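Numbering of ligands and ligand atoms starts at 1, following listing order. Being a predicted model, the structure only gives us computed values, none of them experimental.
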Amino acid sequence: MEIDLAALADNARAIARLAGTSLCAVVKADAYGHGAPGVATALEAAGAVHSFAVSLVEEGVQLRDAGVVSPVLVMGPAQRGGHAEMRARDLTPVVSDGADLDALVAAGAAGARVHLKVDTGMGRLGIAVDDAAAVAARARALGLEVVGLMTHLANADVDDPGETDCLTWRQLDRFAEVTAALRTVAPGAMRHAANSSATMLFPSARLDLVRVGLALYGNGAWAADAELVAPRRQAMRFVTHVAQLRHVAPGDSVGYGALWTAVRPTLCAVLPAGYADGLPRRVTGRGAVIIGGRRCPLIGAVSMDIAIADVTDVAGVAIGDEAVLLGRGTGVHGTDTITTAELAAWSGLTPYEVSCGVSKRVPRVYR
Ligand SMILES: *Cc1c(COP(=O)(O)O)cnc(C)c1O
């Protein structure tokens with residue numbers, strides 16, 4: 001997997017420019033499969049982001065170990081020992097529950113900066129709207145500094161911004177009420193609610209900071225947003241090569257389950273990549289790769305370590321040729337791109353699952 005660090009920095013700047021706010025780069029789950037240390041150090045060096053967000057304490061520790069000095073927000077619930085570790089590594093906790101305050105104080109975190117998360121309708125993590133003021137006041141009384149107020153939107157990727165009664169608008173209205181009520185107890189706290197979809201489609205969700213993952217990596221498609229679609233480049237290229245070429249006669253089948261049978265004399269390219277690498281098995285029957293700049297159908301079942309492409313129409317194909325599973329492929333036959341959204345659609349997955357699904361077996365190379 002090749003990661004284009006310049007594309008990442010360009011995407012970050014384009015998103016911050018569009019949003020007109022600070023940008024928190026969401027690098028949980030190993031930066032959605034791109035490799036969190038490589039991604040975060042590059043974005044920090046480029047001066048392209050305000051802060052980072054991860055899900056686990058361990059993910060925050062990994063960033064500090066890599067030398068990241070920007071604020072790192074730990075959004076998920078901490079496990080035993082996690083509060084002390086956040087304190088030791090200067091990670092910023094998200095208080096999602098009144099009990100988090102006790103755990104933080106027990107871990108010697110008095111004086112620490114925290115963000116409060118309010119549940120405005122996601123129904124997952126966060127303090128109930130009605131309890132937010134009391135928790136914020138208690139945080140302050142315990143010596144914690146509330147520097148952020150956040151909520152998370154459940155439907156920003158599916159709601160129509162034109163529907164004034166959709167859940168996203170209702171969540172944003174509730175959040176506005178909460179932040180107004182907390183203005184005196186948490187003065188100056190940054191308010192943040194928007195993920196990628198909300199940043200693109202719900203401008204009033206941008207507030208003081210946007211928390212962006214998917215769009216940062218150049219993934220996702222927001223038709224409404226012509227302005228941003230143009231400069232956004234998919235940062236990930238997932239590439240293998242032609243390991244063998246075989247001729248298959250009409251009537252012969254290929255792969256497990258004999259799911260594909262040749263109807264013409266066919267030249268098959270054997271590719272050393274399979275579902276154990278992150279090429280979803282469910283692309284079977286629908287997927288394609290780019291070889292020589294041309295799209296070639298994947299044929300037969302994707303197996304654990306091997307996939308097969310029909311390269312009959314790729315004149316001059318040779319062993320060692322690049323085969324692009326995700327991203328841009330260029331060759332004598334042209335240029336084409338396979339997006340994570342496209343591979344996701346072929347396999348019945350989301351773009352998130354596709355990029356997170358590229359396995360640890362695949363080395364990440366940063367360019
Ligand atoms: C993952 C996550 C985000 C980023 O979502 P994208 O859709 O990838 O931009 C933002 N906020 C929270 C709380 C998250 O868990």
Original post:
Does atom CZ of Arg361 have more than 12 heavy-atom neighbours from other groups under 6.0 Å away?
Top reply: yes

**OP:** Considering heavy atoms of the protein only, find what lies nearest to atom 2 (C) of ligand 1 and give residue, atom and distance to 0.1 Å.
**Re:** Lys28 NZ, 2.5 Å

Original post:
Run the side-chain hydrogen bond (donor to acceptor under 3.5 Å, both in side chains) check on His152 and Arg211 step by step: do they pass?
Top reply: CA-CA 10 Å; His152 193 37; Arg211 303 187 306 265; 3.2 Å; yes

Original post:
Which word best sums up how the rings of Tyr352 and Tyr32 line up, parallel for under 30°, tilted for 30 to 60°, or perpendicular for over 60°?
Top reply: tilted

**OP:** Say whether Lys117, considering both its backbone and side-chain N or O atoms, lies within less than 3.5 Å of an N or O atom on ligand 1.
**Re:** no

Original post:
Do Val118 and Leu149 come close enough that some side-chain heavy atom pair is under 4.5 Å?
Top reply: no

Original post:
Under a 4.0 Å heavy-atom limit, does Asn195 contact ligand 1 with its side chain, its backbone, both, or neither?
Top reply: both

Distance-only criterion, 3.5 Å: show the donor-acceptor pairs between side-chain atoms of residues 98-114 and protein atoms not counting sequence neighbours.
from   : atom 1 : to     : atom 2 : distance (Å)
Asp100 : OD2    : Ser96  : N      : 2.8
Asp100 : OD2    : Asp97  : N      : 3.2
Asp102 : OD1    : Arg138 : NH2    : 2.5

**OP:** Give yes or no for whether the N/O distance cutoff of 3.5 Å, strictly under, is met between Gly213 and ligand 1.
**Re:** yes

**OP:** For Val212, counting its heavy atoms only, list the atoms of ligand 1 lying under 4.0 Å from any of them.
**Re:** 9 (O)

Original post:
How about Thr335 and Arg328: do any of their side-chain heavy atoms sit closer than 4.5 Å?
Top reply: yes

**OP:** Could you tell me which atoms of ligand 1, counted from 1 in the order shown, lie closer than 4.0 angstrom to a heavy atom of His152?
**Re:** 10 (C), 11 (N), 12 (C), 13 (C), 14 (C), 15 (O)

Subject >> Heavy-atom pair with the smallest gap, counting every atom of Ser347 and Val283 >> reply: CB-CG1, 3.6 Å

**OP:** Can you pull out the closest protein heavy atom to atom 11 (N) of ligand 1? Residue, atom name and distance to 0.1 Å, please.
**Re:** Arg211 NE, 2.9 Å

Subject >> Heavy-atom nearest neighbour in the protein, as seen from atom 9 (O) of ligand 1, with distance rounded to 0.1 Å >> reply: Ser196 OG, 2.5 Å

Give the table of side-chain donor-acceptor pairs shorter than 3.5 Å for residues 291-303, with sequence neighbours excluded, one pair per line with atom names and distance.
from   : atom 1 : to     : atom 2 : distance (Å)
Arg294 : NH1    : Asp313 : O      : 2.6
Arg295 : NE     : Asp336 : OD2    : 2.7
Arg295 : NH1    : Glu342 : OE2    : 2.7
Arg295 : NH2    : Asp336 : OD1    : 3.4
Arg295 : NH2    : Thr337 : O      : 2.9
Arg295 : NH2    : Glu342 : OE1    : 3.3
Arg295 : NH2    : Glu342 : OE2    : 3.3
Ser303 : OG     : Ile306 : O      : 3.0

**OP:** Run the numbers for me: atoms of ligand 1, each under 4.0 Å from some heavy atom of Tyr32, listed by number.
**Re:** 1 (C), 4 (C), 5 (O), 6 (P), 8 (O)

Subject >> atom 7 (O) of ligand 1 - nearest protein heavy atom and its distance >> reply: Tyr352 OH, 2.6 Å

Subject >> Proximal atoms of ligand 1 relative to Leu214 (non-hydrogen, under 4.0 Å) >> reply: 6 (P), 8 (O), 9 (O)

